[in-house]
Each structure stands twice: as structure tokens, then as C-alpha cells.
Amino acid sequence: MSTLSYDATGAAREALEQHLPALLEDRIATRIFAKDHTLWGPDAEQESAVRLGWVEAATVSQPLVSGILELRDALKAEGVTRIVLCGMGGSSLAPEVIAGTAGVELTVLDSTDPEQVSAALVRLAETAIVVSSKSGSTVETDSQRRIFEQAFTDAGIDAKSRIVIVTDPGSPLDKASREAGYRAVFNADPNVGGRFSALTAFGLVPCGLAGVDIQAFLDEAEEAAEILNEDAPENIGLALGTALGGTNPLRNKIVIAEDGSGIVGFADWAEQLIAESTGKLGTGVLPVVAGPSAPEVTSGAADVLVVRLVAADADDVQLGDNEVAIAGGLATQMMVWEFATAVAGRLLGINPYDQPDVEAAKVAARGLLDAQPEPTPANFVDGAIEVRGGDWLGDASTASAAVSALLAQLADDSYLSVQAYFDRLAYAPFEGVRDQLAAVSGRPVTFGWGPRFLHSTGQFHKGGPAIGVFLQVTAESATDLSIPERPFTFGELISAQAAGDAQVLSDHGRPVLRLHLTDRAAGVKQLQDIVSELAGQAASHTES
């Protein structure tokens, strides 16, 4: 197993001292691995009873390896060397991290933006797709499968020979895919929830087909599970769990800062795991993905805890107040964080295995797709930006004033969520507004690409504490794509998803500023300039 280490200061160390004796006395570690579904209270027992398969996933998944590698070799012999993963949330985040860390090419399509979908429909002669969905009912994944199937057919390629399915046994997708005669169908353990599924077929199939050494990955995870399955004071999973869910008062913004771990995108995976598992019943902890020198790291805010992902061979990591440093290989870290999230759920008094508020945005989006209402009129237009907001906009008449009015809604315990519904690959630099807005606001800022964040932090936004303030950015597309055998296009789908989520957030009493870019490139630049100007003004004010 890779080297695993942990250190903590301040509130995290105090949480460990406070909670570790009871966790050891109650044998929490061994009871988790014994799949004791009573650990999270009576209300959670029914769900927990069918969601604890993750503790043995590394062992249960071993028989999958040979079939995955055989298929990879067969595809390669046919000249198929490019794998596209069509999946959302737990079906896409883990494979993206696993492949990225291994340095293996895997195209992850987790968007309904027509431009991002179009960009994935290339190199078809050398492409196979993996469609990952527990049930097959996920509208994004179903739409992606449909357009790829049509694209293969139009290119004279037998589509069935290029489609691989990962789903739960007996699901509607399982049955339909076998009847359709797709190239392969892999079944995952149905007793593992999506965000805990990294070590199941959902994580292994796309990565194994792309070229990752999944046998070594599983072997490492098995060793980590053995270490975690001990009621011992040195159990790092218990320590991290107390840091996440046991600080007093609760530091409910967990800033996860990549600081030399060598794991590509780990915080994005952990973000979903923690937010969707803990953000409910008005409580929870919000993961904030940031760099080691982000404003939140040095803010000293009373509601922030910093977790640094450091290199295994890092010497003398210097921790500030209320910080944690953790090091380990990817499979090891995934096991530790899944275990720690389960421990945090117990400390928070919630069920870490359900997601009661995720469905609300899906229902709203489906309603808007069916009704096809006229867009809500803009409050005003500034350049390439249409502005929509609530009464809190006041007399704002520019996009800059509107952003300032939104930031004014932040309280001492608030966070700002930036949600961008357009091509996350072509416009990746837009994420730079996160650090700038954190500096301007003085509060933690999360950045999510829509619609993928709906399957991640979307649960916390609606089910967690009512302290979020939301900046939603949508963008016009120069082109649109029809979805085969569906009465709506990709452009209409992503618009409905954005409007539906904004509607649900507003219904929850959250301030939502909606900025629609009527010209994508020009609007992005205009908004970046606005944020840069606000950051400059804030810096000048601080210096004076």
C-alpha cells in the first residue's frame, strides 16, 4: 500500500481528541466494515442496509478485471483506442480522477452543452463509448448515448459494437442494453451508491478500457481497507472523519487544497462525496476546491477548515491554524475519504447514503421541458449579458452592479456558489473567477460546471444550511444539436436544467443572480473583466 500519513492542528486536532474515545469504544471502524446499518440512526437504517457494499468493493470487483482487460485488447485489435465516458456525478468523477492521475486518455462527457457534446463527436473510427448509469434514467446520459449511436451509424460504423454499458443488474438499462445487443454490459454492485462507486464497475470499466492498471488500483484499495478496519487510535480514517464532521462549533466549509499530492482532480471527486453525503436536514459540510494559496486558505475564518493534499514523501509540511494534511496513493485516499465521510455522517447525525434534495431540480427541469415556457424577461441587458435577479438587485443597471448586489447578500457565515452552464473544456480558464470572487467577497466560493454539479454539490445547496448565495451563468450557443427520438435539443435541455435549478433555489429563499451570455465568447470576456475590476477595487481598498 502507498504511504498514508495525516497531521492536524487547531480545531481538527481538538475534534479528534473529543470524539476518538467514543468512536473507539463504540467500535465504529469494525462495525462500518461489518456493514452495520444501524450506525446512522433509525431513520437511516433502510437506506444504509442497501448502501454499504462500498466497504468490500475492492474485493468484490476483482472478478471484473479479466473481462475488462479482454474487451480492451479486443477493441485495440480493431483499432479502437479512444474511450468516451458518458456519465454524470459518481459515474464520471471517479474515472476522470483515476485516468488523469494515471496519465491515460479518457474523454469524459458529463455535459449537455451542445458545443461540448459536439466536440466529443470526433475520431469515431477509433472510438468506443462507455455509458454509465445505475438505472439508465439519467437524462444527460441517455441523451449522450442516443447521439453517439446516431453518429456511429451515420459514419457507417456498427454502433452496437462500439457501445459498452455499466449499470446495476436488472435495471431498465441492463435489460434494454442486452436486448439491443450492445458490445458488452458490465454490472456493478447495486448495494453501492454512485458517489461511493469508484472501486466498482463504474470506476473500473472506463478506466480499464482506457488503459489504467486497474488490478494494481484494486490491490492498493484492498490493503487500505484492511488498515481502516481497525478500532485503533492511529486509524487515519477516524481522524479525518472527526475533522470533517466533528469540529465544535462546526467548521462547515472544508477547503480541499491540492498541494503536491500528484493526484489529478481528487478534490472534485471528494467534493461530490462530501457535499451529497452530508448536506441535508439543514446541516452538513461544504467542500471548497481550491489551490494551496487560495484566499480561503489564509482567511482564518471561524467556519473554515483547510485540508491539504500533500505528497507522500513531503518532509515537514508546515500547517497553519486549523489545518489538516493528508498523503497517500489514489486508491488509498479514496478508501480513506469514503470511510471518513461515513464517520462524519454519524457525528453530524445524518444519513450519508441518501440525497433527498437532488431530485427537485430534475423535476423542475422536466417540467420546463414539457411546458416550454417563454424565458423570464431580463431585468436589463448590459453588453453581451442579460441580467435576471430578485428584489435585492435594487437599482442596479449594469452587470457589475448586479454582481456587487449579489455579493452584498453574503453574511458572515455564507458562501458563494458560481455555476457555469457551458463548455467546461473550451472555457476552462473561466474558473479563474473563483479565486477573484473569494478575494472580493472574503467568503468561501465554490465553482461548478452545469449540469454536472447538480449531481454533486446540488444536494448541499438545497438540503444543507440556508447560507448559500448563487451566481448562475448560462451562455448562448452558436449551434444546437437534436437528440434522436426526443422532442427537445441539447440546447433546450441545458437551458431547462439551469432554469429548473434556479427556480428550486429561489423557492428555497436563496438569492440567485442569473447572467445569460448572449454571445458566448464576448460574454465570458465581459464577465471576466467585471470580476477582475471588482478584485482590483477590493485590493486597492485593502491596501489603503
Side-chain angles (χ1 to χ4, degrees), residues 19 22-61 89-91 93-94 134-135 167-171 187-203 221 224-225 228-231 235 237-238 240-246 250 269-285 287 334-359 455-456 458-460 462-464:
H19 295 289
L23 293 173
L24 294 176
E25 182 178 352
D26 293 339
R27 299 181 296 105
I28 298 304
T30 52
R31 287 171 66 190
I32 287 175
F33 277 90
K35 297 193 281 191
D36 184 344
H37 65 286
T38 69
L39 286 171
W40 297 276
D43 291 343
E45 287 186 14
Q46 183 176 359
E47 183 78 20
S48 300
V50 294
R51 285 292 177 262
L52 283 163
W54 63 269
V55 303
E56 58 184 6
T59 300
V60 170
S61 297
S91 299
L93 290 165
K134 285 183 71 64
S135 68
T167 189
D168 281 358
S171 73
N187 289 141
D189 185 346
N191 294 320
V192 182
R195 56 189 175 274
F196 287 84
S197 66
L199 297 161
T200 73
F202 287 105
L228 292 168
N229 189 10
E230 294 183 2
D231 294 307
N235 188 321
L238 292 176
L240 181 60
T242 64
L244 296 179
L250 182 64
W269 171 80
E271 180 182 47
Q272 183 202 17
L273 174 69
I274 298 168
E276 201 167 60
S277 296
T278 70
K280 58 201 71 170
L281 301 179
T283 188
V285 288
M334 284 180 157
M335 279 301 305
V336 169
W337 284 75
E338 288 177 355
F339 177 88
T341 299
V343 173
R346 178 177 170 88
L347 296 177
L348 291 166
I350 52 89
N351 175 8
Y353 303 111
D354 68 351
Q355 48 282 331
D357 300 288
V358 167
E359 189 66 22
H455 300 258
S456 180
Q459 168 62 42
F460 186 95
K462 303 169 191 72

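Although no hydrogens or angles enter the test, the distance criterion places a donor-acceptor pair under 3.5 Å between the side chain of Ser61 and the main chain of Leu199. Put simply, the side chain of Asn191 never gets that close to the backbone of Leu52: no donor and acceptor are under 3.5 Å apart. The main-chain N or O of Pro190 is found under 3.5 Å from a side-chain atom of Arg51 such that the two form a donor-acceptor pair. Judged purely by atom type and a 3.5 angstrom limit, His19 has no side-chain atom pairing as donor or acceptor with the backbone of Thr242. Checking side-chain atoms of Lys134 against main-chain N and O of Val192 turns up a donor-acceptor pair under 3.5 Å.
Contact of the Lys35 side chain with the Glu56 side chain is registered, since non-hydrogen atoms from C-beta on lie closer than 4.5 Å. You'll find the side chain of Val50 stays beyond 4.5 Å of the side chain of Tyr353, heavy atoms only. Side-chain atoms of Leu250 and Leu348, non-hydrogen and from C-beta on, do get closer than 4.5 Å to each other. Val55 is listed as a side-chain neighbour of Ile32, based on a closest heavy-atom distance under 4.5 Å. Within the 4.5 Å cutoff, side-chain heavy atoms of Thr38 are placed close to those of Arg31. Put simply, the side chain of Pro356 reaches to within 4.5 Å of the side chain of Gln459, judged on heavy atoms.
Smallest separation of non-hydrogen atoms from Trp40 and Ala342: NE1-O, 2.9 Å. The minimum heavy-atom distance linking Gly89 with Gln272 is given by the pair C-OE1, 3.6 Å. Contact between Asp189 and Asp168 at its shortest, heavy atoms only, is O-OD1, 4.2 Å. Scanning both residues, Ser277 and Phe196, for their nearest heavy atoms gives OG-CE1, 3.7 Å. Shown here for Pro287 and Ala270, the closest heavy-atom pair between the two residues is CG-O, 4.4 Å. In terms of heavy atoms, Val285 sits closest to Leu244 at CG1-O, 3.1 Å.
Glu45 CD: more than 12 foreign heavy atoms inside a 6.0 Å radius.
Pairs engaging residues 347-356 under the salt bridge (Lys or Arg N to Asp or Glu O under 4.0 Å) rule: Lys280-Asp354 [sequence neighbours left out].
To the nearest 0.5 Å, the span separating CZ on Arg346 from CG on Leu23 amounts to 7.5 Å.
For the side chain to side chain contact (heavy atoms under 4.5 Å, CB included) with Phe339, the lone residue among Asn229, Leu238, Leu240 that qualifies is Leu238.
For Arg27 and Asp36, the salt-bridge test fails: no basic side-chain N is under 4.0 Å from an acidic carboxylate O.
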